Amino acid sequence: MTLPWIFGGNRCNNSSNISECLNTTHGNHSDIIDLHTAQQINTWLDWITIGIGLPLTLTVIVAVFLQVKKDQGVPVYVINLLFSDLVQFCGRITHKVQWYDIGGVITYVGLIASSGFMVCISLERYLVIAKPLWYRFRRNIKTYVVVCAVVWTLPFPVLLTLVLTTDPTTKTICQAILPCFLLLPFPFFIFCLVGTIKALSGALSVPAEEKRRIVAIQVVVLLIYTLLFPPMISFLLSTDFKLIPYLLFLVCLCLSPLADTTLYLLSRKSFLDKFLASLCSCKASDNQEMSSKDTESTTAPHTETV
């Protein structure tokens with residue numbers, strides 16, 4: 001069994017299996033056109049995003065380690081999130097050189113680890129505000145090591161079982177479990193965002209800029225997940241090959257590592273402060289223009305009567 005981007009039983013596993021896939025699924029001429037179109041788009045999308053995302057991710061990782069050397073704190077989960085993006089790039093490159101099983105396993109390990117570390121980042125931001133004393137005493141190297149080890153090793157049993165087993169029932173169970181790994185973070189993101197907003201409303205000692213920064217991180221994490229992961233989950237749960245859902249799956253899979261770099265930018269206080277300040281200045285200028293227009297419209301009738 002080859003391990004493709006999709007673990008569907010009746011879908012094409014690689015470019016050499018088009019005719020076999022169409023024979024097994026009773027495909028017609030339109031199916032052939034759809035498959036060739038999907039393969040071409042997949043190839044171009046892969047190399048473009050890898051060419052942009054791989055150097056960008058390496059640059060961000062170097063910037064993070066330079067930040068650590070300046071004693072600005074160690075963003076452990078952000079670093080692991082960036083390494084999970086590197087794993088995804090490596091898996092897609094491996095898949096392109098026709099090591100399908102190895103490339104598929106590496107890619108999905110990186111993808112599931114990415115969603116796991118996004119949960120860790122969101123939960124950490126929540127605990128900093130809602131449970132500061134508990135978080136301060138629990139924040140140590142041992143906790144980081146245990147959490148990171150669990151996140152990295154969690155997808156391996158399912159993926160290896162899916163590759164190595166020959167039992168159809170076991171494969172079906174593993175194919176159902178895999179999307180659940182990507183679906184589980186959603187309630188955590190909602191809980192952390194709502195809990196953080198409630199905790200910040202009563203946190204008088206936290207500066208307003210810091211409040212905006214924490215909420216921005218939570219919103220961006222939820223936004224990245226909401227935009228990129230549901231199309232992948234829905235396609236993994238589907239049983240038939242359709243071109244549009246498959247292309248959405250590919251786009252989301254390729255954009256996921258690029259979107260994760262925004263979390264690093266948000267973790268940098270200087271960048272986010274400048275961004276939020278620019279938004280506030282734009283909003284203030286708009287309000288001034290609206291107020292000036294209102295005053296002009298109200299004074300115009302009075303001048304005419306005089």
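These numbers were taken from a predicted model, which means no experiment stands behind them.
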**Prompt:** Under a 4.5 Å cut-off applied to non-hydrogen side-chain atoms, are Cys252 and Phe229 in contact?
**Reply:** no

**Prompt:** Would you say the side chain of Gln175 lies within less than 4.5 Å of the side chain of Leu237, judging by non-hydrogen atoms?
**Reply:** no

**Close side-chain approach of Tyr144 and Tyr77, heavy atoms under 4.5 Å** = yes

**Prompt:** Can you tell if the side chain of Leu159 reaches within under 4.5 Å of the side chain of Leu178, non-hydrogen atoms only?
**Reply:** yes

**Request:** Taking the side chain as every heavy atom from C-beta outward, state whether Gln88 and Val109 have any pair of such atoms under 4.5 Å apart.
**Result:** no

**Message:** How about CZ on Phe188, more than 12 heavy atoms from neighbouring residues, nucleotides or ligands closer than 6.0 Å, or not?
**Reply:** no

**Message:** For a side chain to side chain contact (heavy atoms under 4.5 Å, CB included) check, start with the C-alpha distance between Leu127 and Arg139, then their side-chain angles and the critical distance, and finish with the verdict.
**Reply:** CA-CA 10 Å; Leu127 292 176; Arg139 184 183 179 182; over 6 Å; no

**Asked** Are Thr143 and Asn140 linked by a side-chain donor-acceptor pair shorter than 3.5 Å?
**Response** yes

**Message:** Would a single hydrophobic cluster contain both Ile214 and Trp134, if residues Ile, Leu, Val, Met, Phe, Trp and Tyr are joined by side-chain heavy-atom contacts under 4.5 Å?
**Reply:** yes

**Asked** Nearest 0.5 Å, what's the CD1-OG distance between Ile79 and Ser84?
**Response** 12.0 Å

**Asked** Got a second to check how far Ile129's CD1 is from Leu200's CG, nearest 0.5 Å?
**Response** 5.0 Å

**Item:** Selection residues 216-236 - residue pairs positive for side-chain hydrogen bond (donor to acceptor under 3.5 Å, both in side chains), sequence neighbours left out
**Value:** Ser122-Gln218, Thr196-Gln218

**Donor-acceptor under 3.5 Å (Thr107 side chain, Gly103 main chain)** = yes

Only pairs under 3.5 Å count here: list side-chain donor-acceptor contacts from residues 51-63, not counting sequence neighbours, and write none if there are none.
| residue | atom | partner | partner atom | Å |
| --- | --- | --- | --- | --- |
| Thr57 | OG1 | Gly53 | O | 2.7 |
| Thr59 | OG1 | Pro55 | O | 2.7 |

**Asked** Under a single-linkage definition using a 4.5 Å side-chain heavy-atom cutoff for Ile, Leu, Val, Met, Phe, Trp and Tyr, are Leu247 and Trp44 assigned to the same hydrophobic cluster?
**Response** no

**Prompt:** Where the side chain of Thr165 meets the backbone of Leu162, is there a donor-acceptor pair that is under 3.5 Å apart?
**Reply:** no

**Message:** Any heavy-atom pair between the side chains of Val78 and Ile121 that's under 4.5 Å?
**Reply:** yes

**Prompt:** What is the distance from atom SG of Cys192 to atom CD1 of Ile197, rounded to the nearest 0.5 Å?
**Reply:** 11.5 Å

**Item:** Check: Met118 and Ser256 side chains under 4.5 Å, non-hydrogen atoms
**Value:** no

**Asked** If you draw a 6.0 Å radius around CD1 in Ile141, do more than 12 non-hydrogen atoms from other residues or ligands fall strictly inside?
**Response** no

**Request:** Please step through side chain to side chain contact (heavy atoms under 4.5 Å, CB included) for the pair Val163 and Val105, ending with a clear verdict.
**Result:** CA-CA 8 Å; Val163 173; Val105 169; 3.7 Å; yes

**Item:** Which residues share a ring-ring contact (aromatic ring centres under 6.0 Å, His included) with Phe191, sequence neighbours left out
**Value:** Tyr126

**Request:** Would you please indicate if the ring centroids of Phe117 and Trp152 are separated by under 6.0 Å?
**Result:** yes

**Message:** Show, in sequence, the C-alpha distance, side-chain angles and deciding distance for Lys96 and Thr43, and conclude whether the side chain to side chain contact (heavy atoms under 4.5 Å, CB included) test is met.
**Reply:** CA-CA 8 Å; Lys96 284 300 176 187; Thr43 300; 3.8 Å; yes

**Prompt:** At what distance, to the nearest 0.5 angstrom, does NZ of Lys131 lie from CZ of Arg138?
**Reply:** 13.0 Å

**Item:** Nearest heavy-atom neighbours spanning Ile106 and Cys90
**Value:** CG2-C, 4.3 Å

**Message:** Quick check against the 3.5 Å criterion: does Thr172 have a side-chain atom that pairs as donor or acceptor with the backbone of Pro168?
**Reply:** yes

**Asked** Once you round to the nearest 0.5 Å, how far does CG of Leu222 lie from CG of Leu193?
**Response** 6.0 Å

**Asked** Should we count OH of Tyr135 as having more than 12 external heavy atoms under 6.0 Å?
**Response** yes

**Message:** With side-chain contact (heavy atoms from CB on, under 4.5 Å) as the test, pick out the partner of Val251 among Leu248, Leu253, Leu255.
**Reply:** Leu255

**Asked** What are the two closest non-hydrogen atoms of Ser115 and Phe189, and how far apart are they?
**Response** O-CZ, 4.3 Å

**Prompt:** If you take all heavy atoms of Ala259 and Leu228, which pair is closest and at what distance?
**Reply:** CB-CD1, 3.8 Å

**Asked** Do you know which two heavy atoms are closest between Thr153 and Pro157, and how far apart they sit?
**Response** O-CD, 3.3 Å

**Request:** Please check if Phe156 and Val158 belong to a single hydrophobic cluster, counting links between Ile, Leu, Val, Met, Phe, Trp and Tyr side chain heavy atoms closer than 4.5 Å.
**Result:** yes

**Item:** Spatial distance of atom CD1 (Ile177) from atom OG1 (Thr161) [nearest 0.5 Å]
**Value:** 8.5 Å

**Hydrophobic cluster identity match, Phe235 and Leu184, side-chain contacts under 4.5 Å** = no

**Item:** Same apolar cluster (I L V M F W Y, side chains within < 4.5 Å links), Leu160/Val150
**Value:** no

**Fill in**
Closest non-hydrogen atoms of Ser114 and Asp85, given as atom of the first, atom of the second and distance, are OG-OD1, 4.1 Å

**Request:** Side-chain contact test, heavy atoms from C-beta onward, threshold under 4.5 Å: evaluate it for Arg92 versus Cys254 and give yes or no.
**Result:** yes

